[in-house]
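Have a look at the structure below before the remarks.
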Amino acid sequence: MANESFISIQDVSKDFGVVRAVDRVSIDIAQGEFFSLLGPSGCGKTTLLRMLAGFEFPTSGEIFIDGQPMSSVPTNHRPVSMVFQNYAIFPHLNVSQNIGYSLRKDRLSKADFNAKVGEMLDLIKLPGYEKRASHELSGGERQRVALARALVRRPKVLLLDEPLGALDKQLREQMQLELRALQKSVGITFVFVTHDQEEALTMSDRIAVMSKGRYLQIDTPTQLYESPTSRTVADFIGTMNFFEAQVKDAQNGRAHIDVGPLGSLSAPLRQQKFAAGQRVLAAIRPEKIALLAEPKPGANQVKGQVDTAAYLGDRSHFYVRIEGIERPVAVSAQNMQTAGPGVGDPDRQVWLSWAEDAVVILNADD
Amino acid sequence: MVDGTAPKAGSVSGAGTGRPGLLSWWRQLYLRSEGVRGYSLLSPTLLLMVFAIAVPLLLLFVASFWTQHLLDITPTFVFDNYLTFAEKDSYQKLLWRSLKISGFVTVLTLLLAYPMAYFIAFRIKQNKLMWIILITVPFWTSYLLRVFAWKIILGYNGVINSGLLTLGWIQAPLEFLLYNQFAVVLTLAHAWAAFAILPIYVSLEKIDRTLLEAATVLGDGPVMRFFRVTLPLSMPGVVAAALLVFIPTVGDYITPALLGGPKGLMIGNLIQLQFAKANNWPMGAALSVISLLAITLVVCAFLWFSKRVRTQNL
């Protein structure tokens, strides 16, 4: 176990009957880190979180929190707290009783109790809400109260199970930033479960992308987006254009590949090893492709025809047909950058161009 | 259609609207007003309640101020019956005892029913319906039969006594089993258990399970969690169960008559006596009204208390 890892999940599996929900997962999370578990529903992320909380126990493997093995520690003795997807605000208690729920065993005086609750209400920007009944709260307020309730005793770890899923888009984006700022100010390790990739990218220090009970890649948001290591990750996070390709040679950190209709490309290698002749995938993000009305001198461009165009206000999406490639290529452009009037019109002939480093090479089989 | 023909038009007019005036007037009222719809849905029950409960109750109340001498009932308005109750210690004792016995029955029933309801709500994953049907099985036999069954179990030569005698654990039959308040409490608690289990089960079943997880992750062990979350949230069911058991058992007269002995008689037996052998209907009516008021008072106090439990303002 690495010294700086605060939460250490070591070779943990969880079976539900014949279904293996989590399959031999090992993850180390540092103190004060905002760590996200990202994946589609049924990928095992919630089960992993529930094992950290102690609602489920691993079938095999061990979880350490702050150096202590958790295999015989029940939930109520763990140094963790949790925010639930439906917030789980106690309906029979008011806001102050909800937030102070875990303070009971501290046997505080009424004044100390009120002071702590008041402090939390200031933190979540709901001062004066002490006596509100839980049914008087809006969705966003419930979410904040749930957060305050979980943080009031300063847990070492806060687990969050899709806490923003039930909020509308605007409120969700606002809460993402607030949650991130809050986490930085209290310095508590957050483990955040979500299926929303944008949410994970916005808030996390590191993200584990999970699928079918295993994680595919653990990385910073930038690394995940810029250098995915598999097709599944590249596909799950953002949009990606894939082209079948063949390696011509790969050495000194660069590979030359043959991408059929796109011609010959060179791309950077990321600690990858490929043999000459190996079949690979070349992947390019839509926003790294420029749409040009005229060809410009230089390599890395290809002629195509606009198939469809979608105007999204701040940017536009184009789908461009290229001869010899089955699926139209997705191109995303900021609208201030579109190359003059009429460039995106359907059936119009255009040139696609990209920087050499924009291409990511992935194994063809995963 | 011309407006001038309106008076007749209502009943003779063309195809689609050709309904008699009264019916179409009713339809319009029915469709427009939610209140009317609600009351007409209630109407069969409402009629029954008015004629079979409200009217008799009113008559009972009026009759409680009358007087009776032998067979002659005098419809006066005097407080004689109420004064009699105030003077007679034995009557007051009987009412007090009835409330006490029903109180014990309610507490015992709740204590027996809650674990049962909890078990079905939280531990049974499949076939909950079967368990609920099993709970009602005792009701497939008559109430009288169940009371007699307890007589056979608790009696001088009953199942318990003969069993203990055979085992040699006692030398003579135990006499404290039957013909006292204990026997009444036990029998009533058994008879009313299902009425308590069902409402408690329903309120437990409704509790969001993540609330229990939240309580646990916030540091509560199973016992604290029960008293701080499960119990308060199931209070509506507990209150309903308590009322369902307490109110009818105060007036019960079959069980005390059969199993209570002289020490286990209740107000219901006295009221029955007034209407039958004693032939004093106004007195019986007055006693009914008094016990009605007493029950109302107890119930109000109980509701006030349970509300405080629910909101944890103890």
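Proteins get letters first, then strands, A, B, ... in listed order; numbering begins at 1 in each. These values consider heavy atoms only, across backbone and side chains, with no hydrogens, waters or symmetry-generated copies.
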**OP:** Pick whichever of A:G54, A:A53, A:P91 has the most heavy-atom pairs under 4.5 Å with chain B.
**Re:** A:P91
Subject >> For chain B, the option from A:T75, A:V83, A:N76 that forms the most heavy-atom pairs under 4.5 Å >> reply: A:N76
Original post:
Under a 4.5 Å heavy-atom cut-off, does chain B meet the side chain of A:R153, its backbone, both or neither?
Top reply: neither
**OP:** With a 4.5 angstrom heavy-atom cut-off, could you sort out which part of A:L159 is near chain B: side chain, backbone, both or neither?
**Re:** neither
**OP:** May I ask you to check whether B:Y114 and B:F226 place their ring centers less than 6.0 Å from one another?
**Re:** yes
**OP:** Establish, yes or no, whether a centroid distance under 6.0 Å links the rings of B:F104 and B:F182.
**Re:** no
Original post:
Is A:N98 reaching over with its side chain to a backbone N or O of A:N94, donor-acceptor style, under 3.5 angstrom?
Top reply: yes
Original post:
Quick check: does any side chain N or O of B:D220 sit under 3.5 Å from a backbone N or O of B:V223, one acting as donor and the other as acceptor?
Top reply: no
**OP:** Tell me the residues of residues 204-215 of chain B whose non-hydrogen atoms fall below 4.5 Å from those of chain A, in number order.
**Re:** B:D208, B:T210, B:L211, B:E213, B:A214, B:A215
Original post:
If you measure only the distance, is there a donor-acceptor pair under 3.5 Å linking the side chains of B:Y118 and B:S234?
Top reply: no
Original post:
Between A:S8 and A:D28, do the side chains contain an N or O donor and an N or O acceptor separated by less than 3.5 Å?
Top reply: yes
Original post:
Do the rings of A:H92 and A:F90 sit parallel, tilted or perpendicular, given the 30° and 60° boundaries?
Top reply: perpendicular
**OP:** Verify ring-ring contact (aromatic ring centres under 6.0 Å, His included) between A:F35 and A:F190, making sure each step is shown before the conclusion.
**Re:** CA-CA 6 Å; A:F35 192 90; A:F190 276 33; over 10 Å; no
